[in-house]
Amino acid sequence: MSLMNFPKRYLIVILTFLSTCVCYIERVGFSIAYTIAADAAGVNQSSKGTILSTFYIGYACSQVPGGWAAQRIGGRKVLLLSFVLWSSTCFLVPLDPNRPFILVVARLLVGVSQGFIFPSIHTVLAQWVPPHERSRSVSLTTSGMYLGAAMGMLLLPSLVKYKGPESVFLAEAALGMLWSLLWIRYASDPPRSENAKASAAGFGESMLPIKGNQKMKMESGGIASRTVKIPWKKILISLPIWAIVVNNFTFHYALYVLMNWLPTYFEQGLQLSLQEMGSSKMMPYLNMFIFSNIGGVVADHLITKRIMSVTKTRKFLNTIGFLVSSLALMALPFFRTSGGAVFCSSVALGFLALGRAGFAVNHMDIAPRYAGIVMGVSNTAGTLAGIIGVDMTGRLLEAAKTTYSDLSSSESWRAVFFIPALLSIFSSLIFLIFSTGERIFD
């Protein structure tokens, strides 16, 4: 198929996939580079947890503003601005564990910049992607996170070994700027659809609420004016939205704890070297990439073939994903070998990614016009999970180190993995009870 005949919406999905891939290379890269540099400098686990969680504070602060900006200005422009800001910060700020204030400011800036990314992406996808393609499109886009994390875990430890921790920042900045150039070259706003059914479903139509007193042409030739406001109150009191929020919190609690602390678990919990583990250390994130896309394809198949309703499909995949993940998380601290730990973490993260075909696409089902806003609200909860989970894990490990003298025993890590396991069970029940696949926002 020639590039001229390649549907533009597919190109947009590919570019958003690459954007999430690059972002998670940055996040995993920082945890790897900082962990190695901080351990060499003798930084304790609690202080490491504080630095690692700082990113999520900035990330949380910009989620809802990111959704609002994407809604008002356009997701395409806001996404580009975000990439330019965080890439510039990575390029300009040095990695020095002995200068924590500079690191805190830098991670806050990167967090704020990246907080605009996912609300912008979901605004763009809600404009470009028709309803029957949304599950697999969102799954492919978000699976870039896991492929990026897998690539980061595979390649960056060697980069740190041969070029030093600072080289990770420069590589990440270069990737961010390269993606920005591709976005400038190939991305555009969608044409308004001429198909009545597509327009009614929100495909090809601007997701921007009409400003006050803006006049619209009527089919009869007359002029009508209306004011469309973001229904904040309805969004904040909606139980289906809260079901998404709760599951987003749990998903990201488990993901961010494992993403930031798996390097420490391998190094100190299992006494393994990341450089010597080879490709096995990337398997948890590669599994997420695979299962995320499986979830999207299965969801679209169940819906388009009318095997299940949208509501039942979302609940089915969300429940399977979260419950299997909870079992794997509970088993993880009892496996004391590299193979066992990689297997359990791969199952846990893989099935969490499968569950994204439930809760993570659901905001497009219930509120396609306000997808960026709802994603911003939901992702704020997910980011709070990062702040709470990453920092609390550092404190739990520091306390365990005092109790058990080191972090090599399974007891030192049991609470770290049991907390997200129990949250997964709770959130899956919330989604079963309160979620819906029906459109509830005009």
Side-chain angles (χ1 to χ4, degrees), residues 1 6-21 118 121-147 190 193 195 197-205 207 240 243-244 247-248 251 287-325 349-372 374-375 378 428 431-432 435-441:
M1 183 183 297
F6 192 71
K8 185 61 176 284
R9 68 182 185 277
Y10 293 169
L11 181 59
I12 294 295
V13 170
I14 291 171
L15 287 172
T16 56
F17 162 80
L18 291 175
S19 74
T20 61
C21 184
F118 283 94
I121 285 175
H122 282 261
T123 299
V124 169
L125 293 181
Q127 290 175 307
W128 274 101
V129 180
H132 66 278
E133 294 180 1
R134 281 178 182 161
S135 294
R136 58 181 179 269
S137 296
V138 172
S139 294
L140 177 62
T141 295
T142 55
S143 73
M145 302 187 299
Y146 320 131
L147 184 61
S193 176
N195 184 287
K197 290 183 178 180
S199 295
F203 171 50
E205 122 182 48
M207 295 291 114
I244 298 172
N247 281 265
N248 201 322
F251 174 87
N287 217 38
M288 292 192 87
F289 170 75
I290 294 169
F291 273 73
S292 178
N293 285 291
I294 289 174
V297 172
V298 169
D300 280 346
H301 176 75
L302 293 175
I303 292 168
T304 56
K305 298 297 183 181
R306 298 185 178 180
I307 299 171
M308 287 186 180
S309 66
V310 175
T311 298
K312 289 182 179 179
T313 297
R314 302 294 181 225
K315 291 184 177 184
F316 171 71
L317 290 170
N318 196 86
T319 303
I320 294 295
F322 275 64
L323 290 184
V324 174
S325 177
L349 291 178
F351 275 85
L352 276 177
L354 182 76
R356 285 188 68 93
F359 80 90
V361 192
N362 195 221
H363 60 280
M364 286 190 178
D365 300 323
I366 64 178
R369 182 176 292 276
Y370 303 103
V374 177
M375 185 61 186
S378 173
S428 66
F431 198 80
L432 269 176
S435 68
T436 179
E438 302 300 320
R439 183 169 178 171
I440 61 176
F441 290 88

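At least one donor-acceptor pair closer than 3.5 Å links the side chain of T319 to the backbone N or O of K315. For the pair S325 (side chain) and F322 (backbone), a donor-acceptor distance under 3.5 Å is absent. Between the side chain of S435 and the main chain of L432, no donor-acceptor pair closer than 3.5 Å is present.
Rounded to the nearest 0.5 angstrom, N248 CG and F118 CZ are separated by 10.0 Å. Atom OG1 of T436 sits about 8.0 Å away from atom CD1 of I366, to the nearest 0.5 Å. With rounding to the nearest 0.5 Å, the separation of OG1 in T16 from CG in L140 is 7.0 Å. Rounding to the nearest 0.5 Å gives a distance of 15.0 Å between CG of L15 and OH of Y10. Annotation: the span from N287 atom CG to L352 atom CG amounts to 11.0 Å, rounded to 0.5 Å. Atom CD1 of residue I307 and atom CG of residue L302 lie 5.0 Å apart, to the nearest 0.5 angstrom.
Considering every non-hydrogen atom in both A299 and L317, the closest pair reads CB-CD1, 3.6 Å. For the pair S292 and Y146, the tightest heavy-atom approach, listed with the atom from each and the gap, is CB-CE1, 3.6 Å. When all heavy atoms of S428 and L323 are compared, the pair lying nearest together is OG-CD2, 3.5 Å. When all heavy atoms of T311 and G437 are compared, the closest pair comes out as OG1-N, 2.7 Å. In this structure, T20 and M145 approach most closely via the heavy-atom pair OG1-N, 3.4 Å. What you find for I121 and S19 is that their closest heavy atoms are CD1-OG, 3.4 Å.
Residues satisfying the side-chain contact (heavy atoms from CB on, under 4.5 Å) criterion with I290, sequence neighbours excluded, are L286, I294. Under the side chain to side chain donor-acceptor pair (under 3.5 Å) criterion, D300 pairs with S135, R136, not counting sequence neighbours. Residues meeting the side-chain contact (heavy atoms from CB on, under 4.5 Å) test with S137, sequence neighbours left out: V13, V129, E133. Residues passing the side chain to side chain donor-acceptor pair (under 3.5 Å) test with D365 are R314, N362, sequence neighbours excluded. Taking the side chain to side chain donor-acceptor pair (under 3.5 Å) definition, one finds that K312 meets it with nothing, sequence neighbours left out. For the ring pair (Phe, Tyr, Trp, His ring centres under 6.0 Å) test, residues two or more places apart in sequence or in another chain that qualify with F291 are F351. Among residues two or more places apart in sequence or in another chain, the side chain to side chain donor-acceptor pair (under 3.5 Å) test is passed with T142 by none. When the ring pair (Phe, Tyr, Trp, His ring centres under 6.0 Å) test is applied to F251, the partners found at least two apart in sequence or on another chain are F359.
Counting only heavy atoms from C-beta outward, the side chains of R9 and P130 approach each other to under 4.5 Å.
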Pair I320-L354, side-chain contact (heavy atoms from CB on, under 4.5 Å): steps then yes or no: CA-CA 8 Å; I320 294 295; L354 182 76; 4.2 Å; yes
